[in-house]
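Heads up: the structure comes next, in structure tokens.
Just so we're on the same page: letters track the sequence lines, and every chain starts at 1. Fair warning: this is a prediction, and the values are worked out from it, not measured in the lab.
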There are 2 protein chains.
Amino acid sequence: MSTAEETAGGEVAPWGEVTPDAARRLLVAAVEAFAERGYHATTTRDIAGRAGMSPAALYIHYKTKEELLHRISRIGHTKALEILRTASRREGTAAERLADAVSSFVRWHAGGRTTARVVQYELDSLGPDARAEIVALRRQCDAEVRGILEDGIASGEFDVLDVKGTTLAVLSLCVDVARWFSIDGPWTPDEVGALYADLVLRMVGASK
Amino acid sequence: MSTAEETAGGEVAPWGEVTPDAARRLLVAAVEAFAERGYHATTTRDIAGRAGMSPAALYIHYKTKEELLHRISRIGHTKALEILRTASRREGTAAERLADAVSSFVRWHAGGRTTARVVQYELDSLGPDARAEIVALRRQCDAEVRGILEDGIASGEFDVLDVKGTTLAVLSLCVDVARWFSIDGPWTPDEVGALYADLVLRMVGASK
DNA sequence: GCCGAAGGTGAGCGAGCGCTTAGCGTGCCC
DNA sequence: GGGCACGCTAAGCGCTCGCTCACCTTCGGC
């Protein structure tokens, strides 16, 4: 059996690590509800209903509604960081690694837009402690991209005026894909990934 | 007297068109509350309290809480469209007009991040009719940017593979500024505008 | 000086919220 | 096959929500 499964929207949802089964069903239901209506507009009754359970069942597996968001956010950010790290640490020129990072990061945001939307846009609904933990993961994502840019500048591949600002812009561009991407639109996640990799290489002065 | 005033955060808020005075105070209070906590997490008691009025006073000037969001959204999108149109229709090369559009659009999203955050990220909280009206305004924003790109391609200034995708990416990059920009950060709105104008010119193959 | 319109308030309604609790069925251990 | 831990449900508590309503002030017109 695979650790990934498909939701109704054709997305890949790697929630295999969440056990037991009832806890995973509740978490998947919460991701869908949060993505559709936002954290504050989602009720615990709605989450439990989507998972085919009574409202009280939620509290057997999670202490509060916020704990659900926290778990989703941590798993999502960990996955995002892993994607960037894999691309950053592979072999190849800085341009190849940057293109790989951007295209795979964008593919994740487009293909898993339901999860990505929750992960990227519901951060402010977390309490201070949980938010601090997630913000630390974000800074690591930032560091991975900045590292590739610095490598490319050192090797003469890239021409970048403001490393910090360009890093932010690259990540911002990728993240915002989750906001506008639709599976009914004219592009597949792969196509957006390829388009964005090209745009980013141009931004750093590395286009052929 | 000017039609623009300053909020506590040093932002420009052109709400002079909203009358009478009590209605404007309520609207400004709603913008701040929605930006801080999101539409659904904001209570009508909070909005009225910020405006120094009782909860019931809100309903003298607005039929529902959603009408407040609708008015804010329409005014904000109209202003955004006006900014893009002004840049698009001035004289100059396509590169100059694109740089102007991006830098002024970004300045608006950074300087008026409170308003921009509500305008750009609370769209889904509107009902179907109101949302349709706002989406139409967005499409006009899209058309302005695409128009500049097509002019630049026709004149040979730009080298763009996918006009539709690049238009979307340019707008996405600018809009997302409202999500991450902070007045306490290392940049002024002007600096981000200049940085982004440079990045976008590179994206369309027009950098010097 | 009386009157009605405009703009405000305090109290509170019905609904729905996050979450709790008492108790029920089921399978596992001995 | 009796006891019990576990996963779950039905019912509902205390609270706060968006919104309403009866009433109060202020003020210009005559």
Side-chain angles (χ1 to χ4, degrees), chain A residues 15-73 118 122-131, chain B residues 15-73 118 122-131:
Chain A
W15 302 117
E17 65 215 272
V18 183
T19 53
D21 183 70
R24 180 171 54 249
R25 271 160 48 218
L26 283 164
L27 192 129
V28 169
V31 169
E32 290 173 2
F34 291 161
E36 264 177 40
R37 314 143 85 95
Y39 174 77
H40 286 292
T42 299
T43 71
T44 54
R45 285 163 177 81
D46 183 23
I47 296 169
R50 285 173 192 250
M53 305 169 92
S54 79
L58 194 153
Y59 294 90
I60 296 165
H61 301 283
Y62 301 95
K63 244 171 46 193
T64 62
K65 179 174 128 179
E66 195 194 315
E67 192 194 326
L68 263 168
L69 179 59
H70 185 192
R71 295 268 272 263
I72 292 166
S73 216
V118 177
E122 300 291 343
L123 183 61
D124 290 341
S125 301
L126 287 172
D129 294 351
R131 181 159 64 241
Chain B
W15 302 117
E17 64 214 274
V18 182
T19 55
D21 182 70
R24 180 172 55 248
R25 272 160 47 218
L26 283 164
L27 191 128
V28 169
V31 169
E32 291 174 3
F34 290 162
E36 264 177 40
R37 314 145 83 95
Y39 174 77
H40 286 292
T42 298
T43 70
T44 54
R45 285 164 177 82
D46 183 23
I47 296 169
R50 285 172 191 251
M53 305 169 92
S54 76
L58 195 153
Y59 294 90
I60 295 165
H61 300 283
Y62 302 95
K63 247 170 46 194
T64 62
K65 178 174 132 179
E66 195 194 315
E67 192 194 325
L68 264 168
L69 179 59
H70 185 191
R71 295 267 272 264
I72 292 165
S73 215
V118 177
E122 300 291 343
L123 183 61
D124 290 341
S125 301
L126 288 171
D129 293 352
R131 182 159 60 241

Legend entry - His70(A): partners by side-chain hydrogen bond (donor to acceptor under 3.5 Å, both in side chains), with sequence neighbours left out: Glu133(A)

Inset, instruction - Please tell me which of Leu58(B) and Arg45(A) maps to the more 5' nucleotide of DNA chain D, matching each residue to the nucleotide holding its nearest heavy atom. - result: Arg45(A)

Legend entry - Nearest atoms (heavy-atom pairs only) where Ser54(A) meets Ala48(A): O-CB, 3.4 Å

Inset, instruction - Kindly indicate whether the side chain of Ser73(B), heavy atoms from C-beta on, has any atom under 4.5 Å from the side chain of Glu122(B). - result: no

Inset, instruction - Sequence neighbours left out, what passes side chain to side chain contact (heavy atoms under 4.5 Å, CB included) with Thr44(A)? Give chain and number order. - result: Leu58(A), Tyr59(A), Lys65(A)

Inset, instruction - List in chain and number order the residues that pass side-chain hydrogen bond (donor to acceptor under 3.5 Å, both in side chains) with Glu66(B), two or more places apart in sequence or in another chain; answer none if no residue qualifies. - result: none

Legend entry - Which residues share a side chain to side chain contact (heavy atoms under 4.5 Å, CB included) with Thr42(B), sequence neighbours left out: Ala33(B), Phe34(B), Arg37(B), Asp46(B), Ile47(B)

Inset, instruction - Without swapping roles, check the side chain of Arg45(B) against the backbone of Pro55(B) for a donor-acceptor pair under 3.5 Å. - result: no

Legend entry - Counterpart residues, side chain to side chain contact (heavy atoms under 4.5 Å, CB included), relative to Ala51(B) (two or more places apart): Arg25(B), Leu26(B), Ala29(B), Met53(B)

Inset, instruction - Would you indicate what Thr43(A) reaches in the nucleic acid, counting non-hydrogen atoms under 4.0 angstrom: base, sugar-phosphate, or nothing? - result: sugar-phosphate

Inset, instruction - Name the first nucleotide and the last nucleotide along DNA chain D (5' to 3') that come under 4.0 Å of a heavy atom in chain A. - result: dC8(D) to dG12(D)

Inset, instruction - Scan residues 60-72 of chain B against DNA chain D and write down, sorted by residue number, each residue with any heavy atom closer than 4.0 Å; if none is found, say none. - result: Thr64(B), Lys65(B)

Inset, instruction - Return the set of residues passing side chain to side chain contact (heavy atoms under 4.5 Å, CB included) with Glu67(B) (not counting sequence neighbours), or none when no residue passes. - result: Tyr62(B), Lys63(B), Thr64(B), Arg71(B)

Inset, instruction - Using the heavy-atom set of chain A and a strict 4.0 Å cut-off, write down the first and last nucleotide of DNA chain C that makes it in, 5' to 3'. - result: dC17(C) to dT21(C)

